[in-house]
2 protein chains.
Amino acid sequence: MTASTPGHRSEPTHRLEPGHARRPTIHDVARDAGISKTSVSRYFGHERALLSESMVQRIEAAIERLGFAPDRLASGLRGRRTGLIGMVVADIRNPYTVDMLHGAELACREHGYSLLVCNTDNSDQLERRHLEVLHGYSIEGLVVNTRGRNVASLAARREAGLPMVLVDRHIDGLDCDMVGLDNEQAVTLGVSHLRDQGYQRLLMVTEPTDGISSRKARVEVFRHQAHAAGLSAEVQQSPQERIDPDWLAATLMQWLRAGGRPGAIVCANGVITLAVCHALWALLKTPFEQVGVLGIDELSWCALVGPGITTVAQPVDDIGYGAITTLLNRIRGAPGKAEITTYTARLHARGSTTLKTT
Amino acid sequence: MTASTPGHRSEPTHRLEPGHARRPTIHDVARDAGISKTSVSRYFGHERALLSESMVQRIEAAIERLGFAPDRLASGLRGRRTGLIGMVVADIRNPYTVDMLHGAELACREHGYSLLVCNTDNSDQLERRHLEVLHGYSIEGLVVNTRGRNVASLAARREAGLPMVLVDRHIDGLDCDMVGLDNEQAVTLGVSHLRDQGYQRLLMVTEPTDGISSRKARVEVFRHQAHAAGLSAEVQQSPQERIDPDWLAATLMQWLRAGGRPGAIVCANGVITLAVCHALWALLKTPFEQVGVLGIDELSWCALVGPGITTVAQPVDDIGYGAITTLLNRIRGAPGKAEITTYTARLHARGSTTLKTT
DNA sequence: ACCGATATTGGGAACGTTCCCAATACAAGT
DNA sequence: ACTTGTATTGGGAACGTTCCCAATATCGGT
């Protein structure tokens with residue numbers, strides 16, 4: 001049996017575990033520098049201006065000596081700032097999401113924030129679960145890119161004062177900033193390119209628009225612009241969020257058979273572009289000689305497939321970066337109504353929209 | 001003008017802001033249920049077995065009434081469990097990283113952990129910065145997939161007792177579990193496929209191997225297996241981590257010109273496959289009729305390019321999932337030496353490795 | 001009826017910060 | 001000299017948990 005000292009302070013166990021040396025605290029720094037912990041706290045907070053020159057130097061020396069780094073959890077507990085931003089995305093494997101995440105991560109890094117990334121795999125239930133988890137970590141702000149079926153949960157957090165930014169899609173009933181593509185401009189760019197190339201029949205393929213604003217906008221603008229350009233236009237929505245290859249094959253085949261005048265397919269986003277390419281590949285020997293293809297969203301491999309796939313590229317990286325910028329402004333207390341920030345798309349014209357006059 | 005201005009203020013600001021109702025604490029629940037906070041804490045901790053049936057019911061009712069959710073920061077501060085896992089990746093836009101992240105996120109979700117994702121964009125300095133940040137959040141474990149140039153920083157955390165798992169690549173001097181591909185099996189699979197198809201000259205293209213174990217292993221096994229199969233083998237390393245298209249074009253051209261016997265290019269990973277395809281596309285009219293191509297890493301578009309690109313696919317999703325599983329075991333205190341877990345690859349044979357007898 | 005187990009429960013003291021307020025120092029104004 | 005002000009600095013009480021230890025209740029066994 002150990003003969004422990006009679007004092008009422010027993011030694012904390014974790015100090016005894018190998019390699020688990022207690023990390024220095026603000027207190028240790030203060031003692032080492034011969035000052036009060038408040039001053040050390042001020043050094044790391046936004047009140048460094050209050051400190052005298054000699055104080056700053058002594059603090060820095062002590063920090064250096066002890067290898068001190070502040071505990072963000074403790075700091076987040078007492079103060080308001082956790083430095084944590086939540087990001088809820090519907091599909092982390094979607095190229096759009098990846099690029100957006102890349103931009104967002106960069107912006108966070110530049111401003112001293114860290115990203116708590118949550119993937120819902122398109123499940124509404126998982127989205128709710130993730131929102132609860134993020135709430136538990138007292139995130140300072142939230143970036144949302146999901147189907148928007150949980151308006152209630154989101155609105156609750158929003159009204160509780162949580163800064164929030166939607167990416168790509170607006171959600172009805174959520175008074176909240178949004179950052180995304182100028183769908184009007186993007187689709188118009190695509191359709192007029194197809195018209196200029198001489199296509200006369202257009203088909204847009206998309207996932208179910210449900211309530212998703214960007215999808216609805218693309219369909220709407222597509223119909224309107226095609227009509228204005230005197231082109232016949234058809235829209236096919238997948239019955240499921242996840243594209244069924246059989247459905248797609250049947251749909252495309254039917255549209256192709258009905259042909260006569262030269263036609264082109266407009267893919268509403270990158271995921272659709274991939275699915276359509278796979279379908280055409282299975283259906284036709286030489287797809288792009290019989291039908292034009294234009295995709296919204298640039299993908300790394302678009303130049304490689306057949307004669308190259310024409311795309312309307314959105315600056316996804318910038319959108320992710322912009323989402324964080326917008327969010328940080330709100331976190332810092334920027335007042336005013338919810339704002340919508342849109343970015344413009346650029347056309348990458350390639351062989352898939354060169355009309356072959358057979 | 002707004003009534004709320006940041007700055008000095010006698011009243012705590014956040015209680016006045018609209019919608020900033022103080023969130024309920026464990027204390028509130030206890031009072032509402034007429035019991036002590038300790039019991040409520042036990043309910044959420046791993047000591048629910050201690051509680052009587054009636055106690056559990058009263059707690060649950062109170063939680064329901066108040067909409068209580070525990071504060072993870074506070075809980076992490078006093079206890080050891082933060083529920084946070086750090087993930088440091090070299091390139092978040094690499095398809096490998098994305099799939100790995102997907103698997104890891106799933107595993108975390110299933111076990112009640114959350115991921116703090118850090119992208120270093122291949123910068124050693126950023127990696128160090130990120131490690132410091134993660135340390136500040138008292139992460140319970142760390143998943144690392146980087147170049148491994150910061151052995152010192154990593155080893156320090158490791159020796160301080162931080163559970164850690166490396167993904168894809170082992171780092172010398174870091175006594176730490178690793179999860180990745182069975183490179184021996186994967187490359188052997190690829191090379192024997194090429195031999196069976198009748199190719200006689202092989203070229204492997206890779207980024208600089210530096211100290212990266214998986215790259216070194218692939219090169220080594222490639223050389224060995226090609227030799228064993230009686231094939232001529234050459235390896236070209238990009239001078240930079242980021243592939244320079246001009247360098248690649250020149251390198252490939254030189255190798256192609258030196259030809260005679262039918263040759264095939266082995267791309268050491270997905271990023272290389274993309275670059276090689278772009279290069280061949282620019283160089284040759286009908287690339288795959290003149291040279292075979294095989295890529296390590298399956299990519300969504302491999303079936304679409306030319307006659308389809310043959311790949312050796314690694315189960316990246318499983319690797320990410322496995323990394324978290326391994327990490328959690330260590331977090332729970334699994335003892336023993338560092339272990340290496342490898343997954344086996346599968347061949348996707350496509351047209352790019354069908355030898356054309358001209 | 002008493003003693004010692006064995007279940008439950010509760011009361012505080014941590015955890016490492018930030019924030020409020022008070023205290024000190026020195027210069028300037030009257 | 002006596003306020004008044006303006007920089008600095010420090011002390012202690014939060015923040016919302018978990019953990020240690022003590023308290024109470026229950027139950028056999030003697």
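Reminder, nothing fancy here: chain letters follow the sequence lines and each chain counts from 1.
- Among the heavy atoms of the strands lying under 4.0 Å from A:Ser41 is at least one base atom, whether or not backbone atoms are also near.
- Taking side-chain N and O atoms only, B:Thr38 has no distance below 4.0 Å to OP1 or OP2 of D:dT18.
- Across the protein-nucleic acid pair, B:Arg22 atom CZ and D:dG16 atom C1' stand 10 Å apart, rounded to whole Å.
- Going from atom CD of A:Glu127 over to atom SG of A:Cys118 covers 10.0 Å, rounded to the nearest 0.5 Å.
- Rounded to whole angstrom, the span from the OH atom of A:Tyr137 across to the C1' atom of D:dG16 amounts to 15 Å.
- Annotation: B:Phe68 is in aromatic contact with B:Phe44 [ring centroid separation under 6.0 Å].
- Between the CE atom in A:Met100 and the CG atom in A:Asn145 there is a gap of 4.5 Å [rounded to 0.5 Å].
- Distance from the side chain of A:Ser75 is smallest for C:dT18 among the nucleotides D:dG16, C:dT18, C:dG10.
- As rounded to whole Å, 17 Å separates atom C1' of D:dC15 from atom CZ of A:Arg72.
- Mapping B:Ala74 and B:Met55 onto DNA chain C via the closest heavy atom, the residue that lands nearer the 5' end is B:Met55.
- Protein atom CD1 of B:Ile26 is 14 Å distant from nucleotide atom C1' of C:dG11, rounded to whole Å.
- Summarising the geometry, the separation between CG on B:Leu77 and P on C:dT17 is reported as 9 Å, rounded to the nearest angstrom.
- A donor-acceptor contact under 3.5 angstrom links the side-chain atoms of B:Arg78 to the base of D:dT18.
- By the 6.0 Å contact criterion, CD on B:Glu60 is enclosed, its count of non-hydrogen atoms from other residues, nucleotides or ligands being greater than 12.
- Between the C1' atom of C:dA7 and the CD atom of B:Glu53 lies a distance of 15 Å, rounded to the nearest Å.
- One can place CD of B:Glu47 at 15 Å from P of C:dA7, the figure rounded to the nearest angstrom.
- Atom NE2 in A:His27 sits roughly 12 Å away from atom P in C:dA14 (whole-Å rounding).
- Taking only side-chain nitrogens and oxygens, A:Ser36 comes nearer than 4.0 Å to OP1 or OP2 of D:dG10.
- Checked by distance alone, A:Arg42 brings a side-chain donor or acceptor within 3.5 Å of a matching partner on the base of D:dG10.
- Heavy atoms of other residues, nucleotides or ligands lying less than 6.0 angstrom from CD of B:Glu110 number more than 12.
- Along DNA chain D, the nucleotide nearest to A:Arg58 and the one nearest to A:Lys37 differ in position, and the one closer to the 5' end is contacted by A:Arg58.
- B:Leu73 comes within 4.0 angstrom of nothing in the nucleic acid, heavy atoms only.
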